Enquirer: 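Take this structure first; my questions come after.
Every value quoted in this text rests on a predicted model; they were computed, and no experiment measured them. We're numbering straight along the sequence, starting at 1.
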Amino acid sequence: MKSTPVAPEVVLLHGFTGPTEDIVAAVEVISAAASFRHLKTPGGRPMSAAMTNCGALGWVSDVRGYRYEACDPLTGRPWPAMPGILRDLARRAAAAAGWPGFDPDACLVNRYVPGARMGAHRDADERDFSQPIVSVTLGAAAVFFWYGARRAGTPLRVRLEPGDVLVWGGAARRGYHGVGPPLVAEVAQGDLWGAPARGAVTDAPVRINLTFRKAG
Ligand code: MD3
Ligand code: FE
């Protein structure tokens, strides 16, 4: 398995998921129980990525601020349980990157349609910063921006492909980061039967990102 150290304590595991059908099916089960929704920032603006959660805790944002909650505010019910296939994936990825024993209790699911993005921020609502964060890209690719300790200067750009898994630990866990909109998949080859030519836009790209955390 190819892996690239992006920065100190940031490891990109290329294609770590293997085939993604079962992972995508698990996300469909989650979103059937807890719908994707556009959370509002504390300032009252809707976020461009749609979100849902699974696991004992789910990340929410509203006029009262950012926090983790045990229940979905839309339904009042607990967030859907974290499917074993997702928990195992996160644990295996963390171990492969050098953090054995990762035990995530929260998985934030972000959905990006064309134009949706996430500006530079850092994840600071979790209790235990000694635990890593594991992030999984599904569907379309996107460019990830890594600023590091300060939200300034030119970020490092890393293209995340579907099936890639990023693991962040140590000091990198507190780093500033963001992500651009989903990128259109280029058609590998034109053909004579009406398929689009190389580089043509096909379906609107949708990227799903799973972010596993130890939040509580
Ligand atoms: C580095 N999500 O949900 S994943 C987020 O593509 C978030 O959906 C982006 O940033 C996305 O908070 C980026 C990669 C990621 C996630 C959390 C991190 C990188 C991180 C926390 C600390 C450092
Ligand atoms: Fe983040």
Side-chain angles (χ1 to χ4, degrees), residues 10 23-24 26-83 85-87 89-91 93-94 99 102-113 116-139 142 144-147 151 160 165-169 172-182 206-216:
V10 181
I23 300 168
V24 169
V27 172
E28 282 167 358
V29 170
I30 293 162
S31 67
S35 315
F36 282 105
R37 80 292 305 263
H38 293 273
L39 296 171
K40 293 231 167 45
T41 65
R45 289 162 53 94
M47 296 191 181
S48 71
M51 298 178 182
T52 186
N53 292 276
C54 67
L57 293 170
W59 187 83
V60 297
S61 173
D62 60 22
V63 290
R64 290 161 51 212
Y66 305 137
R67 63 197 176 277
Y68 283 90
E69 294 272 11
C71 291
D72 179 349
L74 278 186
T75 64
R77 293 194 303 264
W79 295 104
M82 191 182 297
I85 182 179
L86 298 187
R87 179 174 180 273
L89 172 65
R91 287 177 61 81
W99 282 276
F102 180 47
D103 187 19
D105 57 10
C107 174
L108 174 63
V109 185
N110 295 145
R111 185 180 68 189
Y112 299 86
V113 299
R117 51 186 285 283
M118 194 178 285
H121 68 279
R122 55 180 169 184
D123 295 22
D125 305 314
E126 300 77 27
R127 196 171 287 162
D128 186 355
F129 287 91
S130 74
Q131 290 298 301
I133 285 185
V134 172
S135 138
V136 178
T137 292
L138 302 171
F144 178 79
F145 301 95
W146 175 245
Y147 295 82
R151 180 168 33 193
L160 300 179
V165 180
L166 266 169
V167 183
W168 314 77
R173 172 70 182 71
R174 295 173 185 272
Y176 284 94
H177 57 276
V179 72
V206 176
R207 174 170 174 270
I208 300 271
N209 182 264
L210 309 177
T211 306
F212 297 89
R213 299 110 188 258
K214 175 82 177 126

Enquirer: Using every non-hydrogen atom in the two residues, find where A90 and V134 come nearest and quote the distance to one decimal.
Expert: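 A90 and V134 have their closest heavy atoms at O-CG2, 3.8 Å.
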Enquirer: Which heavy-atom pair separates A142 from V179 by the least distance, and what is that distance?
Expert: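 Closest pair (atom of A142, atom of V179, distance): CB-CG2, 4.0 Å.
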Enquirer: Backbone N or O of L57 within a donor-acceptor pair of the D105 side chain at under 3.5 Å?
Expert: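 Not at all, since once roles are kept as given, no pair shorter than 3.5 Å links the two residues.
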Enquirer: If you compare all heavy atoms of L89 against all heavy atoms of V136, which two are closest, and at what distance to 0.1 Å?
Expert: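 For L89 versus V136, the nearest heavy atoms are CD2-CG2, 4.0 Å.
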Enquirer: Tell me whether R67 at atom CZ has more than 12 heavy atoms from other residues, nucleotides or ligands lying less than 6.0 Å away.
Expert: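 Above 12, so yes.
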Enquirer: Rounded to the nearest 0.5 Å, what's the gap from CZ on F145 to CE on M118? Could you check?
Expert: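 Nearest 0.5 Å value for the CZ-CE distance: 13.0 Å.
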Enquirer: Taking ring pair (Phe, Tyr, Trp, His ring centres under 6.0 Å) as the test, write out the residues that go with Y66, two or more places apart.
Expert: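 Result, ring pair (Phe, Tyr, Trp, His ring centres under 6.0 Å) vs Y66: W59.
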Enquirer: Does R207 reach the side chain of R111, with side-chain heavy atoms less than 4.5 Å apart?
Expert: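 They are not in side-chain contact.
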Enquirer: Which atoms form the tightest heavy-atom contact between Y112 and A49, and what is the distance?
Expert: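 Distance-wise, the nearest heavy atoms are CE2-CB, 3.6 Å.
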Enquirer: Restricting to side-chain hydrogen bond (donor to acceptor under 3.5 Å, both in side chains), what partner residues turn up for N53, sequence neighbours left out?
Expert: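 N53 satisfies side-chain hydrogen bond (donor to acceptor under 3.5 Å, both in side chains) with no other residue.
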Enquirer: Go through the structure and list residues passing side-chain hydrogen bond (donor to acceptor under 3.5 Å, both in side chains) with R213, not counting sequence neighbours.
Expert: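 So R213 forms a side-chain hydrogen bond (donor to acceptor under 3.5 Å, both in side chains) with Y68, D123, E126.
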Enquirer: In a table with atom names and distances, give each donor-acceptor pair under 3.5 Å that connects a side chain of residues 75-82 to protein atoms at least two apart or in another chain.
Expert:
{"residue": "T75", "atom": "OG1", "partner": "R77", "partner atom": "N", "Å": "3.1"}
{"residue": "W79", "atom": "NE1", "partner": "E69", "partner atom": "O", "Å": "2.8"}

Enquirer: Side chains of T137 and F144: does their closest heavy-atom pair fall under 4.5 Å?
Expert: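 T137 does not reach F144 side chain to side chain.
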Enquirer: Applying side-chain contact (heavy atoms from CB on, under 4.5 Å), can you list everything that pairs with P83, at least two apart in sequence or on another chain?
Expert: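 P83 satisfies side-chain contact (heavy atoms from CB on, under 4.5 Å) with A26, I30, C54, I85, L86 only.
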Enquirer: Would you say R117 has more than 12 foreign heavy atoms packed within less than 6.0 Å of its CZ?
Expert: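 Not more than 12 within 6.0 Å, no.
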Enquirer: Where do G169 and W99 come nearest, in terms of heavy atoms and distance?
Expert: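 Taking every non-hydrogen atom into account, CA-CZ2, 3.2 Å.
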Enquirer: Under the rule for side-chain hydrogen bond (donor to acceptor under 3.5 Å, both in side chains), what residues qualify as partners of R87, not counting sequence neighbours?
Expert: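 side-chain hydrogen bond (donor to acceptor under 3.5 Å, both in side chains) list for R87, sorted by chain: D103.
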Enquirer: Return the set of residues passing salt bridge (charged side-chain N to carboxylate O under 4.0 Å, His left out) with R151 (not counting sequence neighbours), or none when no residue passes.
Expert: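 By the salt bridge (charged side-chain N to carboxylate O under 4.0 Å, His left out) rule, R151 matches no residue at all.
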Enquirer: About how many Å separate CE of M51 and CZ of F36, when rounded to the nearest 0.5 Å?
Expert: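 One gets 10.5 Å once the value is rounded to the nearest 0.5 Å.
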Enquirer: Can you name the side-chain contact (heavy atoms from CB on, under 4.5 Å) partners of V24, sequence neighbours left out?
Expert: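 Counting only residues at least two positions away or on another chain, V24 forms a side-chain contact (heavy atoms from CB on, under 4.5 Å) with T20, E28, L138.
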Enquirer: Are the side chains of K214 and P132 in contact, using a 4.5 Å heavy-atom criterion?
Expert: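 A side-chain contact is absent here, since even the closest heavy-atom pair is not under 4.5 Å.
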Enquirer: Donor-acceptor pair, distance only, cut-off 3.5 Å: does the side chain of S61 make one with the backbone of K40?
Expert: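 Yes: the side chain of S61 pairs with the backbone of K40.
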Enquirer: Listed by chain and number, what are the side-chain contact (heavy atoms from CB on, under 4.5 Å) partners of L74, not counting sequence neighbours?
Expert: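 For L74, the residues satisfying side-chain contact (heavy atoms from CB on, under 4.5 Å) (neighbours in sequence not counted) are R37, D72.
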Enquirer: Sequence neighbours excluded, which residues qualify as ring pair (Phe, Tyr, Trp, His ring centres under 6.0 Å) partners of H38?
Expert: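 H38 satisfies ring pair (Phe, Tyr, Trp, His ring centres under 6.0 Å) with no other residue.
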Enquirer: Within a strict 4.5 Å, meaning less than it, do heavy atoms of the Y147 and R122 side chains meet?
Expert: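 Not in contact.
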Enquirer: By side-chain hydrogen bond (donor to acceptor under 3.5 Å, both in side chains), which residues pair with T52, not counting sequence neighbours?
Expert: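 For T52, no residue satisfies side-chain hydrogen bond (donor to acceptor under 3.5 Å, both in side chains) once neighbours in sequence are set aside.
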Enquirer: If you define the side chain from C-beta out and look only at heavy atoms, does anything of R173 sit under 4.5 Å from D128?
Expert: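 The answer is no; the side chains never approach within 4.5 Å.
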Enquirer: Could you list the residues that satisfy ring pair (Phe, Tyr, Trp, His ring centres under 6.0 Å) with W146, not counting sequence neighbours?
Expert: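 By the ring pair (Phe, Tyr, Trp, His ring centres under 6.0 Å) rule, W146 matches W168.
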